[in-house]
**Student:** 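What follows is a single structure, and I will ask about it in a moment.
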Amino acid sequence: MKIKQQFQTFLDKHNKQELFLMGFYLSFLFIMGLASALDFMIENYDDAYIEIVFLIFTLISFIHYQHSKNLTMGIYAMVILTTLITYLFLISNNFSVSIFHTIVPLGYFLLFSLKRSLVYAFIHHSIVLALYLYAYYHNLLHLEKSTLVAIVLASLLIILFGVVYHIAVENSYRQLDKSNQQKELLLKEVHHRVKNNLNIISSILGLQLIGEANDKVKQLLQKNRLRIESIAMVHELLYKHNDFETINVYEYLSNLVEMVVELHDYNVKVTINREPIQIPFEDILKLGIITNELAINSIKYAFKQKEGAIDIVFIKESEGYCYHYSDSEKSSIDINKLENSNRLGFKLVMMMVEQMNATIDIHNGKGLSYTIRIPLESND
């Protein structure tokens with residue numbers, strides 16, 4: 001499952017050109033390595049040396065591409081290398097090798113636009129024709145007419161296939177892009193409406209707060225209002241960004257804790273690590289509920305002088321994610337009593353931890369701290 005997730009993540013991060021280029025590089029390296037080994041075994045040293053040279057150049061080009069991430073340079077390097085080796089094979093084998101140079105144009109149609117592919121295919125076949133003419137006039141060409149006709153027909157079929165393939169793929173991508181744009185607009189509208197509806201509920205609770213005299217009821221209304229706001233904030237972030245599956249943890253948590261502190265009018269120093277980690281919508285929603293409850297708990301019980309500090313660290317580990325929350329309260333707290341508490345806030349925290357298949361460790365040192373470890377497959 002983890003390998004499947006990693007492979008899917010790799011596919012999602014790369015466009016079709018990047019995937020094609022990666023496939024070309026790996027395939028070419030494998031074929032050149034295998035061909036050179038076989039040629040050495042049959043003592044065909046001329047071809048073996050050519051293959052080793054191009055294997056080295058291709059490997060250098062591949063490493064450079066991986067380092068620079070320059071797609072254009074990587075494409076042209078791959079095209080030039082594969083094209084040159086077909087010319088060398090054609091010459092070194094007395095013009096008896098014909099299959100390789102007929103296949104080369106197919107790569108053009110996979111990597112370039114239709115117009116550019118046709119231009120490059122024309123240039124390529126012009127060079128091949130010039131080489132055959134040179135061989136013919138110097139009595140180096142030992143192919144029968146039927147073989148030459150087969151080569152021409154194979155080249156034309158490859159070009160025709162490339163044109164049809166290119167048109168079909170481009171049409172599919174246009175339709176897919178149009179469909180994705182429509183879905184993106186619909187999803188944005190859904191998140192916008194959900195956010196607005198949650199804000200309406202929050203506003204109603206705010207109106208009730210104004211007219212409520214009972215302090216306990218006011219605290220309860222404020223807590224529920226913050227819980228709704230923490231969920232609404234997720235939908236707002238999804239509405240503002242194009243990625244509807246993941247949310248930046250730092251951006252969300254910093255906005256959330258800042259909102260909680262401002263509503264209580266406390267002087268609290270909030271520290272959150274800025275590591276740019278994206279996690280799925282379902283997990284960030286649960287993490288927001290946990291953070292909201294812990295921040296409210298710190299403000300209510302830890303910061304008796306209306307000031308203090310909250311420290312949040314969210315990092316990625318080998319087996320998943322680690323979320324660490326701590327406040328500056330130095331008084332002794334009974335951890336067992338806290339874990340067996342019937343308070344709704346703590347029950348919500350434990351419920352979210354359980355839903356994420358996570359583990360929680362509560363520690364009372366310089367201040368109360370919570371360490372939650374979330375496995376990568378929490379939503380599988």
Side-chain angles (χ1 to χ4, degrees), residues 1-2 5 223 226-227 230-231 233-234 237 246-261 264 266 268-304 307-380:
M1 186 61 71
K2 191 177 293 184
Q5 281 183 335
K223 283 184 179 180
L226 285 170
R227 287 163 183 154
S230 69
I231 299 172
M233 194 175 290
V234 175
L237 287 173
T246 61
I247 293 178
N248 184 282
V249 176
Y250 169 77
E251 182 181 4
Y252 173 63
L253 293 183
S254 58
N255 290 338
L256 176 60
V257 178
E258 183 181 340
M259 178 190 68
V260 174
V261 171
H264 287 84
Y266 273 49
V268 178
K269 181 183 178 182
V270 180
T271 304
I272 304 175
N273 68 311
R274 289 179 172 268
E275 191 172 351
I277 300 175
Q278 306 274 344
I279 65 172
F281 165 74
E282 293 84 359
D283 282 345
I284 197 69
L285 195 60
K286 297 179 180 74
L287 202 61
I289 292 173
I290 290 171
T291 304
N292 179 71
E293 297 301 327
L294 296 181
I296 292 174
N297 189 66
S298 294
I299 288 172
K300 185 176 179 181
Y301 298 105
F303 308 143
K304 297 176 182 179
E307 62 179 21
I310 291 175
D311 183 62
I312 299 175
V313 177
F314 189 85
I315 58 174
K316 188 172 183 179
E317 298 179 331
S318 58
E319 298 298 324
Y321 302 99
C322 179
Y323 169 86
H324 181 80
Y325 176 98
S326 62
D327 58 42
S328 57
E329 170 60 28
K330 294 181 175 59
S331 60
S332 178
I333 297 174
D334 190 340
I335 301 298
N336 291 327
K337 185 177 179 181
L338 178 65
E339 291 178 342
N340 295 318
S341 173
N342 289 321
R343 289 183 304 190
L344 177 61
F346 190 78
K347 284 184 176 180
L348 279 173
V349 170
M350 299 306 293
M351 187 186 300
M352 296 302 105
V353 170
E354 183 180 351
Q355 288 182 8
M356 290 190 291
N357 296 322
T359 59
I360 184 171
D361 178 45
I362 305 173
H363 180 69
N364 186 23
K366 294 182 179 179
L368 194 62
S369 65
Y370 300 79
T371 301
I372 299 173
R373 284 188 162 80
I374 308 166
L376 286 173
E377 64 276 8
S378 60
N379 286 311
D380 290 350

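Along the sequence shown, residues carry numbers from 1.
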**Student:** Mind checking the CD-SG spacing from E317 to C322? Nearest 0.5 Å is all I need.
**Tutor:** 4.5 Å

**Student:** Are any side-chain N or O atoms of T291 and backbone N or O atoms of G288, one a donor and one an acceptor, separated by less than 3.5 Å?
**Tutor:** no

**Student:** Is there a side-chain contact between I374 and V353 in this structure, where contact means two heavy atoms from C-beta onward sitting under 4.5 Å apart?
**Tutor:**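 They are not in side-chain contact.
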
**Student:** So how far is it from N292 CG to M352 CE, rounded to the nearest 0.5 Å?
**Tutor:**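 Result: 11.5 Å between the selected atoms.
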
**Student:** To the closest 0.5 Å, what do you measure between OH (Y323) and CD1 (I279)?
**Tutor:**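 The OH atom of Y323 sits 10.5 Å away from the CD1 atom of I279.
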
**Student:** Taking the side chain as C-beta and beyond, is there a heavy-atom pair between I272 and D311 under 4.5 Å?
**Tutor:**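 No, their side chains stay 4.5 Å or more apart.
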
**Student:** State yes or no: are the ring centers of Y250 and F314 separated by less than 6.0 Å?
**Tutor:** no

**Student:** Please give me the minimum heavy-atom distance between Y370 and I362, naming the atom from each residue.
**Tutor:**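 Between these two residues, the closest heavy atoms are CD2-CG1, 3.7 Å.
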
**Student:** Mind checking the CG-CD1 spacing from D327 to I310? Nearest 0.5 Å is all I need.
**Tutor:**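 So the CG of D327 and the CD1 of I310 are separated by 7.0 Å.
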
**Student:** Are any non-hydrogen side-chain atoms of M356 and I290 less than 4.5 angstrom apart?
**Tutor:** yes

**Student:** Sort out for me which residue in V257, L256, V249 forms a side-chain contact (heavy atoms from CB on, under 4.5 Å) with I312.
**Tutor:**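 So, applying the side-chain contact (heavy atoms from CB on, under 4.5 Å) to I312 and each of V257, L256, V249, only V257 qualifies.
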
**Student:** Let's go through Y325 and S298 carefully: what are the C-alpha distance in whole Å and the side-chain angles of both, what is the deciding distance for side chain to side chain donor-acceptor pair (under 3.5 Å) to 0.1 Å, and is it a yes or a no?
**Tutor:** CA-CA 10 Å; Y325 176 98; S298 294; 2.7 Å; yes

**Student:** Can you sort out the partners of E354 under salt bridge (Lys or Arg N to Asp or Glu O under 4.0 Å), two or more places apart, ordered by chain and number?
**Tutor:**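 Salt bridge (Lys or Arg N to Asp or Glu O under 4.0 Å) check on E354 returns nothing, list empty.
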
**Student:** Could you tell me whether a side-chain N or O of Q278 sits under 3.5 Å from a main-chain N or O of N248, the two making a donor and an acceptor?
**Tutor:** yes

**Student:** Just to verify, what does T371 make a side chain to side chain donor-acceptor pair (under 3.5 Å) with, not counting sequence neighbours?
**Tutor:**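 So T371 forms a side chain to side chain donor-acceptor pair (under 3.5 Å) with H324.
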
**Student:** For a 4.5 angstrom cut-off between non-hydrogen side-chain atoms, does E258 reach V270?
**Tutor:**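 No - every pair of side-chain heavy atoms lies 4.5 Å or more apart.
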
**Student:** Using 0.5 Å steps for rounding, measure from the CE atom of M350 to the CD atom of E293.
**Tutor:**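 Output value for this atom pair is 13.0 Å.
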
**Student:** To the nearest 0.5 angstrom, please state how far the CZ atom of R274 sits from the OG atom of S254.
**Tutor:**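 The OG atom of S254 is 7.5 Å from CZ of R274, to the nearest 0.5 Å.
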
**Student:** Run the salt bridge (charged side-chain N to carboxylate O under 4.0 Å, His left out) test on E319 and R373 for me, step by step, so that the C-alpha distance in whole Å, both residues' side-chain angles and the decisive distance to 0.1 Å come before the verdict.
**Tutor:** CA-CA 9 Å; E319 298 298 324; R373 284 188 162 80; over 6 Å; no

**Student:** Are any of the side-chain heavy atoms of P375 and Y321 separated by less than 4.5 Å?
**Tutor:**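 A side-chain contact is absent here, since even the closest heavy-atom pair is not under 4.5 Å.
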
